[in-house]
Amino acid sequence: MTVIVLSGPIGAGKSSLTSILSDYLGTKPFYESVDDNPVLPLFYADPKKYAFLLQVYFLNTRFHSIKAALSEDNNVLDRSIYEDALFFQMNADIGRATKEEVDTYYELLHNMMAELERMPKKNPDLLVHINVSYDTMIRRIKKRGRPYEQLSYDATLEDYYKRLLRYYKPWYEKYDYSPKMEIDGDKYDFMASEEDRQIVLDQIVAKLKEVGKLPEDWDKSTDIQIEA
Ligand SMILES: Nc1ncnc2c1ncn2[C@@H]1O[C@H](COP(=O)(O)OP(=O)(O)O)[C@@H](O)[C@H]1O
Ligand SMILES: Nc1nc2c(ncn2[C@H]2C[C@H](O)[C@@H](COP(=O)(O)O)O2)c(=O)[nH]1
């Protein structure tokens, strides 16, 4: 039984890989609240006004998801609570939150993380981080086509996205809630290329074997799923 959390910048391929991976391993996917998120379009229209509200919205949904995932112990999450502060801190650093909002946010996050510490299973089993360059990120954002994420919607998004990418390296290095691994999202087109998809899945399976979450002789072709 495994809980795998994905991470990576906007458009890196987290939702896509969540779907591929959960299907491959026979586990349940948890997706972020995006298209049904009422605060997201408000945030892109007026980031300073809505940065705190959006973060509380995401934090709340991520808290629910990680609690359910750790309880069920058979899930893949397309972004998790462990990445939440990266976004808020970056927005705060560019003046989109007051000191009171920052203090309240970190107190709330701290309380939620303390709650997770009290669960029988406290941490995920693996973090899969997808690295992408700025060019790949923009190409994928364009391909997906959410209007408010496009550079044509707001030219300052170029700086926002470049800044966001810079926050990921130190975040990944510091992350220590579980074993972790990186996927090269520039190199592997796991959407269009079956060969690339298998390479990425093999990398993840090898890591799961290395950390003892899959038996050494596990093989997809002989894996039998038992219906509950
Ligand atoms: N490795 C990849 N190669 C090519 N296209 C990809 C890849 N990963 C995702 N995409 C495409 O990029 C867009 C964004 O992917 P998505 O999974 O929604 O990213 P995220 O959840 O990280 O924001 C989608 O249109 C998806 O089909
Ligand atoms: N300010 C924040 N924005 C966030 C956060 N998590 C996601 N997002 C935004 C970024 C994208 O526009 C959209 C979906 O993200 P994907 O990476 O899944 O494409 O939501 C956050 O915590 N704070």
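In each ligand, atom 1 is the first atom listed, and ligand 1 is the first ligand listed.
The shortest heavy-atom distance from F88 to ligand 2 is not under 4.0 Å. By the 4.0 Å heavy-atom criterion, Y31 is excluded from the residues contacting ligand 2. Taking a 4.0 Å cut-off on heavy atoms, R146 registers as neighbouring ligand 2.
Ranking the protein heavy atoms by distance from atom 1 (N) of ligand 1 puts Y188 O, 2.9 Å first. Shortest contact from atom 17 (O) of ligand 1 to any protein heavy atom: S16 OG, 2.5 Å.
Taking any N or O of R144, backbone or side chain, at least one lies under 3.5 Å from an N or O belonging to ligand 1. Residue contacts with ligand 1: I10 is placed with no nitrogen or oxygen under 3.5 Å of a nitrogen or oxygen of the ligand (distance criterion only). Checking only distances, A12 does come within under 3.5 Å of ligand 1, N or O to N or O. For S15, no nitrogen or oxygen atom sits less than 3.5 Å from a nitrogen or oxygen atom of ligand 2, counting backbone and side chain alike. Taking only nitrogen or oxygen atoms, main chain and side chain alike, Q55 reaches within less than 3.5 Å of ligand 2. Between G11 and ligand 1, a contact under 3.5 Å exists for at least one N or O pair. Of the N or O atoms in D78, none lie within a sub-3.5 Å distance of an N or O in ligand 2.
Without hydrogens or angle criteria, K213 side chain to M1 main chain gives a donor-acceptor distance under 3.5 Å. One N or O on the side chain of Y105 and one on the backbone of A85 form a donor-acceptor pair closer than 3.5 Å. When atom types are taken as modelled, the side chain of D196 and the backbone of D189 share a donor-acceptor pair closer than 3.5 angstrom. With R140 contributing its side chain and A12 its backbone, the two residues share a donor-acceptor pair below 3.5 Å. D125 places a side-chain N or O within 3.5 Å of a backbone atom of V3 that can act as its donor or acceptor partner. For K14 (side chain) and D78 (main-chain N/O), no donor-acceptor pair under 3.5 Å exists by modelled atom type.
Cluster membership for M119 and Y82, using ILVMFWY side-chain heavy atoms within less than 4.5 angstrom, is shared.
Counting heavy atoms closer than 4.0 Å to ligand 2, residue L59 contributes nothing at all. The part of L54 lying near ligand 2 is the side chain, judged by heavy-atom distances below 4.0 Å. With a 4.0 Å cut-off on non-hydrogen atoms, M137 does not touch ligand 2 at all. The proximity of Y148 to ligand 2, defined as any non-hydrogen pair under 4.0 Å, does not occur for either the backbone or the side chain. The side chain of L40, and not its backbone, has at least one atom closer than 4.0 Å to an atom of ligand 2 (non-hydrogen atoms only; side chain from C-beta on).
Within the 4.5 Å cutoff, side-chain heavy atoms of N37 are placed close to those of L54.
For the pair K162 and Y134, the cation sits on the ring face: its NZ or CZ lies under 6.0 Å from the ring centre, inside 45° of the axis. Relative to the ring axis of Y160, R163 does not place its NZ or CZ within 45° and under 6.0 Å from the centre.
Within the listing of ligand 2, atoms 19 (O) sit less than 4.0 angstrom from a heavy atom of R144. Every atom of ligand 2 is numbered from 1 in the order shown, and the set under 4.0 Å from a heavy atom of V34 is 14 (C).
Defined by atom type and a distance below 3.5 Å, a donor-acceptor pair is present between the side-chain atoms of S133 and D186.
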